[in-house]
2 protein chains.
Amino acid sequence: MPSDAQISRLKPGRRTDIRRENERAILEAAEKVFAEAGFGGATMQLIADMAGLPKANLHYYFATKEDLYRRVVQQIFEIWLDAASSFDDAPGPIEGIGAYIDAKMDISRTHPHGSKVWASEVMHGAPVIQDYLETTLRDWTNGRIAVIQRWIDEGKMKPINPRHLLYLLWATTQHYADFGHQIQTLNGGKALSDRQWAEAKASVKDMVLRGIGAIS
Amino acid sequence: MPSDAQISRLKPGRRTDIRRENERAILEAAEKVFAEAGFGGATMQLIADMAGLPKANLHYYFATKEDLYRRVVQQIFEIWLDAASSFDDAPGPIEGIGAYIDAKMDISRTHPHGSKVWASEVMHGAPVIQDYLETTLRDWTNGRIAVIQRWIDEGKMKPINPRHLLYLLWATTQHYADFGHQIQTLNGGKALSDRQWAEAKASVKDMVLRGIGAIS
DNA sequence: CCACAACCTGACCAATCGGTCAACATAAAT
DNA sequence: ATTTATGTTGACCGATTGGTCAGGTTGTGG
């Protein structure tokens, strides 16, 4: 059940700002509601309440529930793609994969809702972002596999399967967002502290980098 | 959208068999529908159709949608707990964690729907299995952490953080079920073959066991 | 100041869904 | 054979939901 904390929403006078500000508030509320209730369980009324707008006003900015949902999914996808820059200009796996883990873990902490919406979307067969998987994500994946393979050829890491390394990285980093509730419960009901997050990041980096033979 | 392939359902004459067989067909259909549509998106009508029963008959065996859902979630949880036996009587991490990865990966292949339902349940804040997390799962987790710590103390693996190792194991193994659609898309739209599954299991075990210093 | 476009919203509607129920069918017990 | 408990089902209902719309308000360019 989504908490009923309302998303802050300013009321600027200028026309362009009104549109930008309302769309931002709606998207922020929608991300949270879709994450906590799923697409089918989410209601436009609840999103409207959390954004501090009447429901009819939502449909003025986003024609349908699907439109709104699609925007939320695209948002987290773009954030993840940006985080991939850490990968490119790195001299080796310690820097590249280490920075990628840092970036993905940071996103799991700052954007847990978006991560859950993405997970839910994929679990349901990616009905709205299938084309992204087949184009952008596939290209991105093949590019990183090539980079990892180069590091292997250069003897900077063991000859592991680059594809399954990527899956392990995605799975582990996103787990801290998608299964955050389970982790919190196993942490005595308390959210991970700054120190515990740092410990998590260090642990993941340590195990992964040793697992691929980049460190001993 | 769930595929409309109907669950096979026999029609035995004996009373006890009728109950058992119908409940089995309903649970099998429900697991698939809940996984593919989420709790909110699933409809009793669709589950009934897939089980080959009229909707009213569902409510004869399961009073409410929540009752049916709860049974599905408990089912996968028990399957996972059984898989943990691999952990206990192992002399060290190579055998124990290796066998655990094998078992969890096998479950991801044979019970992908159940895994997704569990993931969805946890992502939504575990509204129906919160008590399981706080009791059974917590006890189980603490028990395995103790086993791993013992292996560390005995010098059989590096002093990594046992809790985050468990999270990495859960995340990675379940990823092959929960994100199976994404993996399939990145595999040219084809489900992983037997050979590819074996490669996945070997890759995960290789990276993890080296990551914890159990192998070099 | 005026006119137009953008923005806002309460009331409403058709469709869908979880769940109920009364009537009926069948298998097992007596 | 008769009774009884269990299983089956179409029809139905109240509640909820996504989406619409007519009429109003507000900002902005001329």
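Numbered from 1 within each chain, the chains take letters A, B, ... in sequence-line order. The analysis underlying the following values was restricted to heavy atoms, covering all of them including side chains, and did not include hydrogens, waters or symmetry mates.
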Rounded to the Å, how far apart are [X] [atom1] and [N] [atom2]?
| X | N | atom1 | atom2 | answer |
| --- | --- | --- | --- | --- |
| Leu53(B) | dT9(D) | CG | P | 7 Å |
| Leu58(B) | dG10(D) | CG | P | 13 Å |
| Phe39(B) | dC17(C) | CZ | P | 14 Å |
| Phe62(A) | dT17(D) | CZ | P | 20 Å |
| Asp17(A) | dT26(D) | CG | P | 18 Å |
| Met44(B) | dA15(D) | CE | C1' | 17 Å |

Original post:
Taking only residues two or more places apart in sequence or in another chain, which ones pass side chain to side chain donor-acceptor pair (under 3.5 Å) with Arg71(B)?
Top reply: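 If we apply the side chain to side chain donor-acceptor pair (under 3.5 Å) test to Arg71(B), skipping adjacent residues, there are no hits.
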
**OP:** Can you sort out the partners of His59(A) under side chain to side chain donor-acceptor pair (under 3.5 Å), two or more places apart, ordered by chain and number?
**Re:**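 Once residues adjacent in sequence are excluded, His59(A) has no partner under the side chain to side chain donor-acceptor pair (under 3.5 Å) criterion.
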
Original post:
Out of dG18(C), dG18(D), dT8(D), which has the shortest distance to the side chain of Ile18(B)?
Top reply: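 Between dG18(C), dG18(D), dT8(D), the one nearest the side chain of Ile18(B) would be dT8(D).
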
Residue list, side chain to side chain contact (heavy atoms under 4.5 Å, CB included) with [X], at least two apart or on another chain:
| X | value |
| --- | --- |
| Lys104(A) | Trp80(A), Tyr100(A), Trp170(A), Thr173(A), Gln174(A) |
| Asn57(B) | Leu53(B), Pro54(B), Tyr60(B), Tyr61(B) |
| Asp67(B) | Ala63(B), Thr64(B), Arg70(B) |
| Gln149(A) | Ile152(A), Asp153(A), Pro162(A) |

Original post:
Roughly how far, to the nearest 0.5 Å, is the OG atom of Ser193(A) from the CG atom of Asn187(A)?
Top reply: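 Rounded to the nearest 0.5 Å, the CG-OG separation comes out at 7.5 Å.
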
Original post:
In Å and rounded to the nearest 0.5 Å, what is the CD to NE2 distance from Glu28(A) to His113(A)?
Top reply: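 NE2 of His113(A) is found 8.5 Å from CD of Glu28(A).
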
**OP:** Have a look at the helix from dC1(C)-dG30(D) to dT30(C)-dA1(D) and give the angle its two end axes make, five pairs each, rounded to 10 degrees.
**Re:**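 End-to-end axis angle for the helix from dC1(C)-dG30(D) to dT30(C)-dA1(D): 10°, rounded to 10°.
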
**OP:** Please work out which of the three classes, parallel, tilted or perpendicular, describes the rings of Phe87(B) and Trp151(B), given edges at 30° and 60°.
**Re:**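 If you compare the ring of Trp151(B) with that of Phe87(B), the planes turn out parallel.
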
Within the structure, does a side-chain N or O atom of [X] lie under 4.0 Å from either OP1 or OP2 of [N]?
| X | N | answer |
| --- | --- | --- |
| Arg19(B) | dG7(D) | yes |
| Asn57(A) | dG10(C) | no |
| Tyr60(B) | dT8(D) | no |
| Tyr61(A) | dC8(C) | yes |

**OP:** Quick one: label Ala48(B) by what it contacts on the DNA or RNA (base, sugar-phosphate, nothing), any heavy atom closer than 4.0 Å.
**Re:**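 Touches nothing.
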
**OP:** Provide the full list of salt bridge (Lys or Arg N to Asp or Glu O under 4.0 Å) pairs with a residue in residues 161-174 of chain B, sequence neighbours left out, each pair given once.
**Re:**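 As it turns out, there is no salt bridge (Lys or Arg N to Asp or Glu O under 4.0 Å) pair with a partner in residues 161-174 of chain B once direct neighbours are skipped.
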
Original post:
Listed in order of residue number, which residues of residues 63-76 of chain A have a non-hydrogen atom at under 4.0 Å from DNA chain D?
Top reply: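 Hits under 4.0 Å, by residue number: Thr64(A), Lys65(A), Glu66(A).
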
Expected rows: protein N/O vs nucleotides 23-26 of chain C N/O, under 3.5 Å:
residue : atom : partner  : partner atom : Å
dT26(C) : O2   : Arg15(B) : NH2          : 3.0

Subject >> Closest-nucleotide ordering on DNA chain D, the 5'-leading residue of Gly40(A) and Ala56(A) >> reply: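 Going by which nucleotide is closer to the 5' end, it is Gly40(A).
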
**OP:** Name all residues meeting the ring pair (Phe, Tyr, Trp, His ring centres under 6.0 Å) criterion together with Phe62(A); count only those two or more places apart in sequence or in a different chain, and write none if there are none.
**Re:**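 Phe62(A): no ring pair (Phe, Tyr, Trp, His ring centres under 6.0 Å) contacts found.
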
**OP:** Output all residues satisfying ring pair (Phe, Tyr, Trp, His ring centres under 6.0 Å) with Phe34(A), sequence neighbours left out; order by chain, then residue number.
**Re:**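 Residues passing ring pair (Phe, Tyr, Trp, His ring centres under 6.0 Å) with Phe34(A): Phe39(A), Tyr69(A).
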
